[in-house]
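First up is the structure itself, then whatever we jot down about it.
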Amino acid sequence: MQIKVFNKTRWRLAAWYGVAMGLFLSLCGVAIYQVMIRAYLLSIDRELEAVTGTLHSVIEPTLQQPKRLEPIFQVVLPNLCLPDSDCSINNKIPTHIRLVHSQHGIFSTFYQDKIYYVRFIDNSKNLIAVAGFPPNELPQKVQTKGWQTLKDTRGIRYSQKSLPLHTQNNQLWGYIQVGRSLKELDNRLAAFKLILGFGLPITILLVGGSSWWLAGLAIQPINRSYKQMQQFTSDVSHELRTPLAAVNAKVETILDSSELSEQQARDVLTSVKRQNIRLAELVQDLLLLSRLEQQTLIPTKQPCSLNILIEDLIEEFSALANASSLRLEYSILSHQPLYVMGDEDQLLRLLSNLIANAIQYTPAGGNINLILKKNNGDAVIEVIDTGIGISPQEQQVIFDRFYRVNTSRSRRSGGSGLGLAIAQVIAQAHGGKILVQSQLSKGSIFSIRLPLKVIPPSNI
């Protein structure tokens, strides 16, 4: 059920992300398409306007009578063709058109990759002459408005610019119309549409696949948290069930007894008290761990001497170590006192959890040694024992809540499996970390690294 829920959520995230990216890419594609059309058309219009203006300025000053072709027409446009003449040979699409300014001797050349045509129309919209195409290849219907878009018999589009021509005595001679091929533009637009048609779906599929993969990465922490919550709920239920069952059994024993001596009553109450203490410690540890993880219990930052803390802990745990037939020693490998910034009570809890853990899992006759030293600007505390050791697989999970290396032994000694979890959270809250090295049947080394604080002598 859990896997189905997370897979469904993953597919939903991937689908929504894919749809959003698809819409975004589509809008970007349409915008680029429109911008490209506008920019290219603007470039063509400017070029066409310049060509038309040049021809107009060269031809118009020489015009004397309406509809009459002056000699300048043949000079400027050698391939000029009349409507009734046979232009099949001489009026093929020219390799270039030369525009000559007779006064300044200036000419420009337009090659075949920028194909133009030139038409001259009288004031009755009848064709006078054409250059660049046979007359029958252009539309028979003639318009004289400024800008037009036409198609020839082959379906090629042309943008056309029209300007009126006047004679020297300011009579309307007719119109000059210059057209420029839009074939290059249409080819580019067709290629762009093809790219959009095939590229956009492929891109959306790639985005969808990436979204599915990223959604999986995003859900992994949630999935882990969900599993940890389930495991935590199960572990808490199990931990609470044992003392509650013991209390319930004692109470039922009392209720089933017809007569109860004073000693029996004391024994029952002692057992109930012991289980109640166990429950209280468990609840207190859970509350501390929750506050530390949620950062609602912020450590009080003040200089703490690790030398003094270790000496106090050695004195505190010496009796417990002697009772377990263990030798507890410590070594300080620094000539100067080592200070860290933190909460003294939490640091004591951190170290005491590791020492108690070492005592708990070290057989009688073993050794436990604490070493305090300085390394690369950090204070390092090593808790070394000759205990049962930890397997490589268990080293990955020993800091999880309620995990025990030896369940039966830790239960007999009253362990709840929260000591290492609390120790790790306290170390992280102080900007440090805990590392473990261990071999089965040879012992373990728990190393605590905390940022070192240099305290001036006047402040010590």
Could you tell me which non-hydrogen atom of G432 sits nearest to which non-hydrogen atom of L450, and how far apart they are? CA-CD2, 4.1 Å

Any chance CD of Q336 has more than 12 other-residue heavy atoms, nucleotides or ligands included, within less than 6.0 Å? no

Please step through side-chain contact (heavy atoms from CB on, under 4.5 Å) for the pair L420 and L354, ending with a clear verdict. CA-CA 7 Å; L420 290 179; L354 295 181; 3.5 Å; yes

Test item: L347 and H430 side chains (from C-beta on) under 4.5 Å apart, heavy atoms: yes

For a side-chain contact (heavy atoms from CB on, under 4.5 Å) check, start with the C-alpha distance between L372 and S334, then their side-chain angles and the critical distance, and finish with the verdict. CA-CA 7 Å; L372 174 62; S334 176; 5.8 Å; no

Student check: side-chain heavy atoms of L82 and L69 closer than 4.5 Å: yes

Counting only N and O atoms by type, is there a donor-acceptor contact under 3.5 Å from the side chain of D378 to the main-chain atoms of V380? no

Heavy-atom closest contact (A379 atom, V340 atom, distance): CB-CG1, 4.2 Å

What do the steps show when you test F446 against I390 for side-chain contact (heavy atoms from CB on, under 4.5 Å), and what is the final call? CA-CA 11 Å; F446 284 84; I390 307 169; 3.9 Å; yes

Looking at CD of E70 and CD of Q65, how far apart are the two atoms once the value is rounded to the nearest 0.5 Å? 7.5 Å

Rounded to the nearest 0.5 Å, how far does CG of L306 lie from NZ of K374? 12.5 Å

Closer than 3.5 angstrom, by distance alone: can the side chain of N169 be matched with the main-chain N or O of Q64 as a donor-acceptor pair? no

Suppose we screen for side-chain contact (heavy atoms from CB on, under 4.5 Å). Which residues come up paired with Q439, at least two apart in sequence or across chains? K442

Who pairs with Y40 by ring pair (Phe, Tyr, Trp, His ring centres under 6.0 Å), at least two apart in sequence or on another chain? none

Measure the CH2-CG distance between W147 and L48 for me, rounded to the nearest 0.5 Å. 4.5 Å

Considering only heavy atoms from C-beta outward, does the side chain of V383 approach that of L370 to under 4.5 Å? yes

Are more than 12 heavy atoms, taken from residues, nucleotides or ligands other than W213, located less than 6.0 Å from that residue's CH2 atom? no

Is there a side-chain contact between I156 and L182, using heavy atoms and a 4.5 Å cut-off? no

Main-chain N/O of S438 paired to Q395 side chain as donor or acceptor, under 3.5 Å: yes

Please check: side-chain N/O of T52 versus main-chain N/O of E49, any donor-acceptor pairing under 3.5 Å? no

Closest approach of T62 and I59, non-hydrogen atoms and distance? OG1-O, 2.7 Å

K183/N187 under side-chain contact (heavy atoms from CB on, under 4.5 Å): CA gap, chis, key distance, verdict: CA-CA 6 Å; K183 184 178 180 180; N187 289 339; 3.7 Å; yes

CD1/I445 to CD1/I384 distance, rounded to the nearest 0.5 angstrom? 4.5 Å

Within a strict 4.5 Å, meaning less than it, do heavy atoms of the M36 and L189 side chains meet? yes

Which pair of heavy atoms, one from E60 and one from P164, lies closest together, and at what distance? OE2-O, 3.8 Å

Has Q171 got a side-chain atom pairing as donor or acceptor with H166's backbone, closer than 3.5 angstrom? no

List the residues meeting ring pair (Phe, Tyr, Trp, His ring centres under 6.0 Å) with Y175, not counting sequence neighbours, and say none if there are none. none

Parallel, tilted or perpendicular: which describes the rings of F73 and W173, with under 30° parallel and over 60° perpendicular? parallel

Crowding at CZ, R12 (>12 non-hydrogen neighbours, <6.0 Å): no

Once rounded to the nearest 0.5 Å, what's the spacing between atom CG of L338 and atom SG of C304? 13.0 Å

Does N375 reach the side chain of R449, with side-chain heavy atoms less than 4.5 Å apart? yes

For the student: nearest non-hydrogen atoms of G389 and S444, plus distance: CA-OG, 3.8 Å

Parallel, tilted or perpendicular, as decided by the 30° and 60° cut-offs, for the rings of Y158 and Y117: perpendicular

S210 side chain to L206 backbone, donor-acceptor under 3.5 Å: yes

Is there a side-chain contact between L172 and P66, using heavy atoms and a 4.5 Å cut-off? no

Only one of V51, V178, L163 passes side chain to side chain contact (heavy atoms under 4.5 Å, CB included) with H56, and that residue is L163

Please report the interatomic distance CD1(I332) to CG(N307), rounded to the nearest 0.5 Å. 4.5 Å

Looking at every non-hydrogen atom in both residues, tell me the closest pair between A423 and N353 and how far apart they are. N-ND2, 4.2 Å

Can you check whether F24 reaches V207 side chain to side chain, under 4.5 Å on heavy atoms? no

